[in-house]
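Each remark here refers to the structure printed beneath this line.
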Amino acid sequence: MAGKLMNAVRYDGYGGGAGALKHVEIPVPAPKNGEVLLKLEARTLNPVDWKIQKGMLRPFLPRKFPFVPGTDVAGEVVEIGPGVKNFNAGDKVVAMLNHAVSDQLQLYLNNGGGLAEFAVAKESLTVKRPAEVSGAAGAALPVAGLTALQALTDSAGVKLHGGASETQKNILITAASGGVGHYAVQLAKLGNVHVTATCGSRNIEFVKSLGADEVLDYKTPDGAALKSPSGRKYDAVIHCASAMPWSTFEPNLSDNGKVIDITPGPSAMATFALKKLTFSKKQLVPLLLIPKAQNLEYLVGLVKEGKVKTVIDSKHPLSKAEDAWAKSIDGHATGKIIVEP
């Protein structure tokens with residue numbers, strides 16, 4: 001593929017939103033040691049993509065410009081780099097792109113490249129995709145699915161496929177119709193979990209169809225206060241919505257309840273520190289995604305088996321990627337936003 005050009009979408013600096021995206025021709029990248037070159041069939045956008053563009057995540061996510069965004073992809077391996085052992089040309093895969101590992105923390109330092117016809121992925125964050133899993137369903141999984149899985153299993157202590165003998169946890173999932181939320185509801189129901197969920201009124205039936213036991217309209221007084229219709233206290237909250245004060249969560253938590261915040265801001269971090277310093281039994285837990293190939297493989301398997309489904313809000317061609325970008329910024333997508341060839 002050396003010397004060939006491909007279509008891509010990039011931006012040249014911070015700010016500008018969808019209007020700052022540019023359609024360009026750039027060289028097809030070459031896979032380096034431990035990398036595979038993919039011809040992409042689908043990509044999905046995540047809120048972190050436009051937050052990086054907006055500069056909201058500096059200095060943690062510094063960018064070099066120009067930059068091709070997008071991390072979550074599905075496609076076909078067309079070339080393998082030196083040292084690659086588990087993949088061959090022709091393999092269908094799901095991947096999370098260019099994830100840099102820094103000591104014990106895995107940080108999004110160099111992620112991107114998904115809004116293009118081809119992309120290189122590290123073998124360590126690429127998994128095979130069976131025929132039963134479409135490109136769109138697979139591409140939607142990495143950030144959103146892995147975040148939901150990590151929040152439930154590592155942070156909330158939910159054992160998926162838990163037996164009836166396990167004490168049933170009561171969990172609240174906010175913004176349950178969104179990318180992370182719709183996976184979190186489905187995964188939680190694989191464990192012995194009672195799920196209360198919040199969403200907008202138009203999505204109540206949809207969230208119930210995912211398995212939620214109780215659904216609150218977040219615009220009603222009870223929904224805004226996060227009060228369980230059955231009066232239960234929450235053992236954990238998977239908080240997928242935007243900022244909400246600790247004072248809203250605290251009265252609804254069980255004695256050892258915790259709030260897992262998937263997009264912690266300065267206020268959440270301050271609460272996290274305060275609760276630790278005061279040895280509070282009720283905790284706020286900021287979530288830093290640590291992606292693992294075995295977890296992504298597990299999710300792909302659940303989709304193959306029909307135990308988890310990817311709900312697609314909309315599909316957009318790469319030539320109209322700015323429409324997908326604007327829809328993600330709008331923040332009201334039901335499920336995932338997909339960009340196809």
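By convention here, the first residue in the shown sequence is residue 1.
Salt bridge status for Lys208 with Glu205: present, with a side-chain N to carboxylate O gap under 4.0 Å. Remark: Lys128 does not engage Glu297 in a salt bridge, criterion side-chain N to carboxylate O under 4.0 Å. Of the charged side-chain nitrogens involved, none lies within less than 4.0 Å of a carboxylate oxygen, so that Lys39 and Glu76 do not count as a salt-bridged pair. The pair Lys4-Glu25 does not meet the salt-bridge criterion, since no charged nitrogen lies less than 4.0 angstrom from a carboxylate oxygen. Taking a cutoff of 4.0 Å between a charged side-chain nitrogen and a carboxylate oxygen, Lys327 and Asp313 qualify as a salt bridge.
Scanning both residues, Asp261 and Ala268, for their nearest heavy atoms gives OD2-CB, 3.5 Å. For the pair Val9 and Ala321, the tightest heavy-atom approach, listed with the atom from each and the gap, is CG2-CB, 4.0 Å. Of all heavy-atom pairs between Leu97 and Gly113, the closest is CD1-C, 3.7 Å. Scanning both residues, Ala236 and Ala156, for their nearest heavy atoms gives CB-CB, 3.8 Å. Contact between Ala140 and Thr310 at its shortest, heavy atoms only, is CB-CG2, 3.4 Å. Here the shortest heavy-atom pairing between Gln53 and Gly16 reads NE2-C, 4.2 Å.
No more than 12 heavy atoms of other residues, nucleotides or ligands shown are found within 6.0 angstrom of NZ on Lys304. At most 12 non-hydrogen atoms from other residues, nucleotides or ligands lie less than 6.0 angstrom from NZ of Lys227. More than 12 heavy atoms of other residues, nucleotides or ligands sit less than 6.0 Å from atom CG of Asp330.
Proximity of a side-chain donor or acceptor of Ser280 to a complementary backbone N or O of Gln283 within less than 3.5 Å is not detected. Checking side-chain atoms of Thr174 against main-chain N and O of Ala241 turns up a donor-acceptor pair under 3.5 Å. Listed for the Thr278 side chain is a donor-acceptor partner under 3.5 Å among the backbone atoms of Leu274. Side-chain atoms of Glu117 do not come within 3.5 Å of backbone N or O of Leu40 as any donor-acceptor pair. For the pair Asn295 (side chain) and Pro291 (backbone), a donor-acceptor distance under 3.5 Å is absent. Put simply, the side chain of Lys233 gets close to the backbone of Pro251: a donor and an acceptor are under 3.5 Å apart. Lys282 places a side-chain N or O within 3.5 Å of a backbone atom of Glu250 that can act as its donor or acceptor partner. Of the possible donor and acceptor atoms, one in the side chain of Lys258 sits under 3.5 Å from a partner among the backbone N and O of Ser155. Using a distance-only test at 3.5 Å, with no hydrogens or angles considered, no donor-acceptor pair links the side chain of Asn256 to the main chain of Asp235.
In this structure, a donor-acceptor pair under 3.5 Å is absent between the side chains of Trp246 and Thr271. Side-chain atoms of Ser228 and Glu214 form a donor-acceptor pair, as typed in the model, at a separation below 3.5 Å. A donor-acceptor contact under 3.5 angstrom links the side chains of Asp72 and Asn46, judged on distance only.
Here the options are Asn170, Asp213, Ile171, the test is side-chain contact (heavy atoms from CB on, under 4.5 Å), and the partner is Arg232; only Asn170 passes. A side-chain hydrogen bond (donor to acceptor under 3.5 Å, both in side chains) with His23 is found for exactly one of Lys320, Glu322, Arg10, namely Glu322.
Residues Val36 and Val120 form no side-chain contact, since every pair of their non-hydrogen atoms from C-beta on lies 4.5 Å or further apart. Residues Pro317 and Val339 are not in side-chain contact: their nearest non-hydrogen atoms beyond the backbone lie 4.5 Å or more apart. Proximity of Leu226 to Met244: side-chain heavy atoms (C-beta onward) are separated by under 4.5 Å at one or more points.
Leu216 and Phe249 fall within a single hydrophobic cluster, where Ile, Leu, Val, Met, Phe, Trp and Tyr are joined by side-chain heavy atoms under 4.5 Å apart, directly or via other members. Residues Val193 and Tyr183 share a single hydrophobic cluster, defined by chaining ILVMFWY side chains whose heavy atoms lie under 4.5 Å apart. Connection of Ile238 to Leu172 is not established within any shared hydrophobic cluster, with ILVMFWY side chains joined at heavy-atom distances below 4.5 Å, either directly or through further cluster members.
Here CG of Asn7 is found 9.5 Å from CD1 of Ile26. Values are rounded to the nearest 0.5 Å. With rounding to the nearest 0.5 angstrom, the CD atom of Glu340 is 4.0 Å from the NZ atom of Lys315.
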For the pair Leu149 and Leu299, evaluate side-chain contact (heavy atoms from CB on, under 4.5 Å) and give the outcome as yes or no after the intermediate values. CA-CA 9 Å; Leu149 182 64; Leu299 290 172; 4.3 Å; yes
Tell me, with the steps shown, if Val300 and Val303 meet side-chain contact (heavy atoms from CB on, under 4.5 Å). CA-CA 5 Å; Val300 170; Val303 174; 5.8 Å; no
Under the side-chain contact (heavy atoms from CB on, under 4.5 Å) criterion, do Trp325 and Ile337 qualify, and how do the steps go? CA-CA 9 Å; Trp325 199 265; Ile337 300 166; over 6 Å; no
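Taking the six-membered ring where tryptophan is involved, the planes of Tyr11 and Phe65 are tilted, since the angle between them lies from 30° to 60°.
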